[in-house]
Amino acid sequence: MNPHDEPQHPAPGGLLKNLNPEQYAAVTAPAEPALILAGAGSGKTRVLTTRIAWLLQTGQVSPGGIMAVTFTNKAAKEMLTRLTTMLPVNARGMWIGTFHGLCNRFLRAHWKLAGLPQGFQILDATDSVSAIKRVIKAMSLDEERYVPKQVSWFIAGAKEDGLRPPDIDVHDEQTRTLAAIYQAYEDQCAREGVVDFAELMLRSYEVMRDQPAVREHYQRRFRHVLVDEFQDTNKLQYAWLKMFAPPGQGQSVLAVGDDDQSIYAFRGARVGNMSDFEREYRVKNVIKLEQNYRSFGNILDAANELISRNSRRLGKELRTDAGPGEPVRVYEASSDFAEAQWLIEEAQALHRGGMDRKEIAVLYRSNAQSRVIESALFNAGIPYRVYGGLRFFERAEVKHALAYLRLLENPNDDTSFLRVVNFPARGIGARAIELLQDAARASGRSLYQSVSAVAGKAGSNLKAFNDLVDSTRNLTVGHTLREILEQMLEISGLNEFYRNDKDGAERLENLGELINAAEAFVTQEGFGKDAVALPVDELAPGAISEGLPHAVAPAQVATPDAETGEIMSPLAAFLTHASLEAGDNQAQAGQDAVQLMTVHSAKGLEFDAVFITGLEEGLFPHENSLSDGDGLEEERRLMYVAITRARQRLYLCFSQTRMLHGQTRYNVKSRFFDELPEAALKWLSPRNQGFGSGFAREYQDAWQRGSGLKSMVGAGRVERPSYAEPPVPASMKKKVAEEHGGLRVGKGVFHTKFGEGVLVTLEGSGADARAQVNFGRHGMKWLALSVAKLTPID
DNA sequence: TTGAGTGCATTTTTT
DNA sequence: ATGCACTCAA
């Protein structure tokens, strides 16, 4: 269909009902490039899904002609779920998924052209680092100078710039070596038949770039491409997109994003892609979604005022019909502990007032800040949930099990081999492994293939390991995924190991959970939404791949491969799934618990009440962000994201004193307070709250810290501890406030040039008296009191 | 092979 | 303060 003579489509009433004019315009935008600036809480997901539903319902496109890309599995899933409630669609024909998920799907179909083995497996970030570590060792390079993590960063960065090892600009020795490591790592990955995350993107980009037939096929196929969170795309992802839907090809590309919520520059996201998109695609349709359906007015006023301080914005202001609502409450605490204590009392009050605990979120800039809050919640016996810990498929025992499974699929996967060759221990030590690695390196073969080259006791132990893997494989041929897992867990000795381990109960549970996950994958997911190769006729010349019989009975057989007719086993599909989706991070996700997370991980979520904690110079905005150019603006966007998470109530708090890295820091309140509209704020008196003043508070403080988190078993499972009065620590008794002419350590001071600060240290006396003051954005200063005019404040 | 002891870094993170 | 990665002795 020619997009330029767009016919009038009958507007199906149900779908478009209740859309505001901007949303309506976005949903029914003509089939040409469009940029949607979607503010926080403006119904972005709704627009995306309604758009797809509308396109399908009006017959402008069939499922096979749609590609919708997101960043997270969660977003992709949500889109799919909402879509299916709007419209009975055959989801299989559509390409809805994450960038990486779609790349995987693409490479499974074109593995040969991509130069990959058919059953290639995917390395997660941790696997990739350990693979790089092996490369560095094999090259006998100094691990101090070439830190595996940093090298991994370098390689991922290069790939995201579309660079292969020969393309690296080797201007110095260091870069030359890095490029050499990159090359060796690539070779190793090829030998082992694995790809990392960045490779998924780059490899599929290259296939599209270098294979005209494939490129033309997909460009013809995808009439409508939709991209979520466009502000988070990196250089490679944008280039990838342009391969599927280049400017001027008549495809409709709908990019949805919010430049004000771009908070991932540090990992390569380029907000600039939005304006590049607008220019390169000659976008006529820029639609702003500014009507907010989430928050009350005061909250939005705060967000708008704050973000207006940023330059280089595409320009957008949120508005609401909901009225001003409650003021934004601000609390100044004396210590991080008092901050946590106050926050908990406030949260309890909200809960007593009928708010679910899971509707209350506590946000912080860095993970280290969660400890005090956790500790306080724990002691108060309030259930809570911390986001961002280890996720299911990242747990050690699960990774062990997956490594065994990978070896069943591909014994030449050295990463997996090394992970489990001596776990559980079977007498294969570092020496044996070194010998084996030497042999493998010498012959250019895998560790598995080199076992026979190792002599003696070590050799026979290694052989026994190989036999173990081989026999498991032989034993489980033709069995269900569940049976394969059960057999593997027994034969490998993992089950027995954790049965005998005194702390093994939870790990055993997780292994059981892994079996469940496999079962669920096979039945519910109808495995291989992502993993299964495309139907044979997918690439038939001139094929209009809409309406193909995609339906495959789930849990039956995998779809045969496009070229050879070979089948991707359920096991291989499950392993792929495990790499692409790390799973949830907490067992009791369903419980009504207060939600703790970093501001970054709060993006995309919303809560009735939000506490933004630790609003102090150096912490938020973070000190490390102030050095680089766009750093402060990104911090401000981060704050903007945090504010706009709140529906009804927003609390901001900061503390005069904070324990960080084992040292007490005296912080100045965040500059962001100066950037919020005073009329929307309500400052709460710090004096009437918490533990009162001085000694009593510090004493309580010290004791609470001492109790720590060590004794905790798990969130929300513990009752309030009954305790005797703790003894007064000696350090407390001796403590005397340092004072000088009305100045006190820990209290505020004013300096005519540097403004407000916090007194950190006082030294010397008389003419020699010096003071150390933290002036926040002006930094830490030493001042001679005989010269500097410091006046106490408060 | 395993345990205790030492050194070191410690913004944000999905796939 | 604390966790983790790595070293060295038993």
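In what follows, chains are A, B, ... by sequence order, proteins preceding strands, each numbered from 1.
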Can you pull every protein N or O that's under 3.5 Å from an N or O on nucleotides 11-15 of chain B?
unit_1	atom_1	unit_2	atom_2	d
B/dT11	O4'	A/His622	NE2	3.3
B/dT11	O2	A/Arg365	NH1	2.7
B/dT11	O2	A/Arg365	NH2	2.4
B/dT12	OP1	A/Asn367	N	2.7
B/dT12	OP1	A/Asn367	ND2	2.9
B/dT12	O4'	A/Arg365	NH2	3.1
B/dT12	O2	A/Arg365	NH2	2.5
B/dT13	OP1	A/Thr598	OG1	2.6
B/dT13	O4'	A/Arg267	NH1	3.4
B/dT15	OP1	A/Asn73	N	2.8
B/dT15	OP1	A/Asn73	ND2	3.4
B/dT15	OP2	A/Arg391	NH2	3.1
B/dT15	O2	A/His100	NE2	3.3

Verify whether the ring centers belonging to A/Phe120 and A/Trp111 lie closer than 6.0 Å.
no
With rounding to whole Å, what would you report as the distance between B/dT12 and C/dA5 at their P atoms?
16 Å
Between A/Phe71 and A/His100, ring centroids under 6.0 Å
no
Ring centres of A/Phe465 and A/Phe417 under 6.0 Å apart?
yes
Report which part of the nucleic acid A/Ile428 touches: base, sugar-phosphate, or nothing (heavy-atom distance under 4.0 Å, all strands).
sugar-phosphate
N-O pairing of A/Glu394 and A/Lys399 below 4.0 Å
no
Is A/Asp196 touching bases, backbone alone, or none of the nucleic acid, heavy atoms closer than 4.0 Å?
nothing
Contact between A/Thr598 and A/Leu363 at the side-chain level, heavy atoms closer than 4.5 Å - yes or no?
no
When the P atoms of B/dT13 and C/dC4 are compared, how many Å lie between them, rounded to an integer?
16 Å
Gap between atoms CD and P, on A/Glu374 and C/dA1 respectively (whole Å):
18 Å
Could you state the interatomic distance from OG (A/Ser625) to CZ (A/Arg636), rounded to the nearest 0.5 Å?
10.5 Å
Please list each protein N or O that sits under 3.5 Å from an N or O in nucleotides 5-10 of chain C, with the distance.
unit_1	atom_1	unit_2	atom_2	d
C/dC6	OP1	A/Lys133	NZ	3.4

Answer yes when A/Lys44 and A/Asp228 have at least one side-chain N-carboxylate O distance shorter than 4.0 Å, and no when they do not.
yes
State yes or no: are the ring centers of A/Phe378 and A/Tyr384 separated by less than 6.0 Å?
no
